[in-house]
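Each chain gets a letter, A, B and so on, in the order its sequence line appears, and its residues count up from 1. Please read these numbers as outputs of a predicted model, since none were measured by experiment.
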2 protein chains.
Amino acid sequence: MERANFIGESIEYLHRYTMKSLQKQAEEHGVTIPQVRVIAEVFAHKTVSVKLLSQNLKMTQSTVSDIVERLVTKGFLEKTPNIRDKRLVDISLSERLDENIDESIAQIQNQSLIGVLDRLDAKEQEIVEQGMQVLVSAVKEKMIAEDMDDNKFFNILYFSERDEPKK
Amino acid sequence: MERANFIGESIEYLHRYTMKSLQKQAEEHGVTIPQVRVIAEVFAHKTVSVKLLSQNLKMTQSTVSDIVERLVTKGFLEKTPNIRDKRLVDISLSERLDENIDESIAQIQNQSLIGVLDRLDAKEQEIVEQGMQVLVSAVKEKMIAEDMDDNKFFNILYFSERDEPKK
DNA sequence: ACACGATGTATCGTACCCGATATATATCAT
DNA sequence: ATGATATATATCGGGTACGATACATCGTGT
């Protein structure tokens with residue numbers, strides 16, 4: 001099916017573009033964009049566990065563990081064992097980072113996409129957003145229908161709260 | 001900007017979904033999906049260079065070199081130095097693969113996306129396709145406007161011919 | 001109190017992906 | 001012909017990403 005082909009390529013293209021584009025901004029701070037995403041999430045929570053990060057960022061626990069480890073080495077994050085549950089690790093911003101973080105890092109996120117949308121008029125932006133919504137919804141429905149065992153990561157609350165693990 | 005946020009997350013989500021979903025099919029053949037993409041491209045050309053693959057697949061030359069190397073090791077591809085230009089390497093399917101390839105591998109590509117689109121009616125599919133078109137066009141325009149030095153890889157003919165390097 | 005299953009992290013192996021660099025070959029100017 | 005430049009590939013280092021596994025800790029049931 002030609003349409004699926006085009007959409008598949010588009011997704012691949014857009015993904016690479018956003019990654020590459022954001023990377024340039026992140027480099028100036030000496031971090032990568034997955035690292036920025038982790039930092040932003042930690043910043044939003046003040047203190048989080050690896051588990052929570054992996055849920056909110058939709059990465060596996062092992063990936064998050066890796067990234068956090070590098071950020072600790074770089075001195076951006078700090079890990080302290082949780083008192084109440086010694087399995088948990090409390091991840092928080094290092095003091096050094098806790099001040100300079102203002103807009104600089106936390107807002108790198110989708111700077112480039114904003115620049116892209118600026119080139120479109122209101123109507124075109126609507127079209128783009130609607131297309132995304134429809135497609136994402138369809139994907140989510142399909143996953144539910146097929147009962148993918150990735151349910152833990154790719155579940156229905158992906159775009160809902162963005163934060164709460166919802167016990 | 002909220003809209004940019006949503007779109008950025010959508011792209012990330014769709015990318016991960018398509019990758020994960022396709023991976024399952026590819027696994028049955030003992031390959032990964034980047035490997036499938038390379039194989040399909042070689043299949044379409046009968047014989048190609050690393051350079052051409054990297055242009056058509058929008059991966060860097062080093063990435064393609066890696067993947068080709070693994071496929072050679074697995075016995076799926078063959079490398080023979082080009083006679084007329086000894087810098088070039090001719091990449092082709094191994095004999096073993098040249099027969100069993102029929103539909104099986106070459107069409108793995110976007111099976112899952114088709115399944116997703118099937119859940120949408122004609123009108124919704126239009127919306128999705130249009131949204132992608134508008135967004136991709138805007139991205140391409142922005143890249144031209146900013147004269148990104150990635151021009152060699154991310155250029156205007158991305159979605160045009162899909163094959164020709166266009167000398 | 002204790003065994004057992006569930007849960008949270010870290011670690012390992014593999015693949016991908018990129019930029020930078022090295023090497024060999026080709027091409028072009030003189 | 002020769003030297004400078006350009007091109008094609010391979011290689012290296014580092015970061016991402018995942019599944020599988022190991023390990024410690026928690027909770028529960030008995």
Side-chain angles (χ1 to χ4, degrees), chain A residues 12 15-24 26-27 30-38 48-55 57-74 76-77 79-91 149-150 152-154 165 167, chain B residues 12 15-24 26-27 30-38 48-55 57-74 77 79-91 148-150 152-154 165 167:
Chain A
E12 183 75 17
H15 180 253
R16 277 203 221 272
Y17 163 73
T18 51
M19 284 303 154
K20 229 172 208 171
S21 181
L22 289 175
Q23 186 65 26
K24 292 189 177 175
E27 272 171 8
V31 291
T32 66
I33 98 109
Q35 288 172 3
V36 168
R37 300 214 300 153
V38 169
V48 272
S49 66
V50 172
K51 170 87 175 183
L52 192 52
L53 282 176
S54 93
Q55 286 179 319
L57 298 174
K58 261 63 202 169
M59 299 166 176
T60 61
Q61 171 269 319
S62 59
T63 299
V64 172
S65 187
D66 275 347
I67 297 175
V68 167
E69 203 51 41
R70 281 180 213 108
L71 288 173
V72 169
T73 304
K74 286 185 180 179
F76 288 120
L77 297 183
K79 284 197 299 188
T80 55
N82 186 299
I83 311 291
R84 308 194 306 162
D85 186 338
K86 275 186 250 171
R87 291 173 304 181
L88 287 256
V89 174
D90 289 336
I91 300 166
D149 32 22
D150 293 314
K152 310 98 179 198
F153 296 121
F154 274 16
K167 56 156 43 87
Chain B
E12 184 75 17
H15 180 254
R16 277 205 223 269
Y17 163 73
T18 51
M19 283 303 155
K20 230 172 208 172
S21 181
L22 289 175
Q23 185 65 25
K24 292 189 176 174
E27 271 170 9
V31 289
T32 66
I33 97 109
Q35 287 171 4
V36 168
R37 300 214 299 153
V38 168
V48 272
S49 65
V50 172
K51 170 88 175 181
L52 192 53
L53 282 177
S54 93
Q55 285 178 319
L57 297 175
K58 261 64 203 169
M59 299 166 177
T60 61
Q61 170 269 319
S62 58
T63 298
V64 172
S65 188
D66 273 348
I67 297 175
V68 167
E69 203 52 40
R70 281 181 212 108
L71 287 173
V72 169
T73 304
K74 286 185 179 178
L77 298 183
K79 285 198 298 187
T80 55
N82 185 299
I83 311 291
R84 307 195 305 160
D85 186 338
K86 277 186 251 173
R87 291 171 305 180
L88 288 254
V89 173
D90 289 337
I91 300 166
M148 302 197 74
D149 32 21
D150 292 314
K152 310 98 178 198
F153 296 120
F154 274 16
K167 56 155 46 82

Legend entry - Any residue meeting salt bridge (Lys or Arg N to Asp or Glu O under 4.0 Å) with B:Asp85, in chain and number order, not counting sequence neighbours: B:Arg87

Inset, instruction - Go through the structure and list residues passing side-chain hydrogen bond (donor to acceptor under 3.5 Å, both in side chains) with B:Thr32, not counting sequence neighbours. - result: none

Inset, instruction - Check the distance between D:dA17's C1' and A:Leu57's CG and give it to me in whole angstrom. - result: 13 Å

Legend entry - Donor-acceptor pair, side chain of B:Lys58 and main chain of B:Gln55, under 3.5 angstrom: yes

Inset, instruction - Between A:Lys74 and A:Lys86, just flag the one whose closest nucleotide in DNA chain D comes earlier from the 5' side. - result: A:Lys74

Legend entry - Value in whole Å for how far the C1' atom of D:dG15 lies from NZ of A:Lys20: 15 Å

Inset, instruction - Nearest whole angstrom, please: distance from the C1' of D:dA10 to the CE of B:Met59. - result: 18 Å

Inset, instruction - Could you say whether A:Ile83 or A:Thr32 is positioned toward the 5' end of DNA chain D, judged by the nucleotide with the nearest heavy atom to each? - result: A:Thr32

Legend entry - B:Leu53 CG to D:dA8 C1', straight-line distance once rounded to whole Å: 13 Å

Inset, instruction - Return the value, rounded to whole Å, for the distance between atom CZ of B:Arg16 and atom P of C:dC16. - result: 17 Å

Legend entry - C:dG19 phosphate, OP1 or OP2, under 4.0 Å from A:Gln23 side-chain N/O: no

Inset, instruction - Take nucleotides 5-12 of chain C nucleotide by nucleotide from the 5' end and write B, S or -, depending on whether a protein heavy atom sits under 4.0 Å from the base, only from the sugar-phosphate, or from neither. - result: -BBSBBB-

Legend entry - Nearest-Å distance for atom pair CD/P, residues A:Glu27 and D:dG14: 15 Å

Legend entry - Euclidean distance, atom CZ of residue B:Arg37 to atom P of C:dC17 [Å, nearest integer]: 7 Å

Inset, instruction - Return the set of residues passing side-chain hydrogen bond (donor to acceptor under 3.5 Å, both in side chains) with B:Thr18 (not counting sequence neighbours), or none when no residue passes. - result: none

Inset, instruction - Output every pair passing salt bridge (Lys or Arg N to Asp or Glu O under 4.0 Å) with a member in residues 60-72 of chain B, not counting sequence neighbours, ordered by first then second residue. - result: B:Glu69-B:Lys79

Inset, instruction - Just jot down the side-chain hydrogen bond (donor to acceptor under 3.5 Å, both in side chains) partners of B:Gln35, sequence neighbours excluded, or say none. - result: B:Lys74

Legend entry - Atom-to-atom span, NE2 of A:His15 to P of D:dT16 - whole angstrom: 12 Å

Legend entry - Nearest-0.5 Å distance that lies between atom CD1 in B:Ile91 and atom OG in B:Ser49: 7.0 Å

Inset, instruction - Ignoring backbone atoms, establish whether B:Arg84 has a side-chain N or O less than 4.0 Å from OP1 or OP2 of C:dA26. - result: no

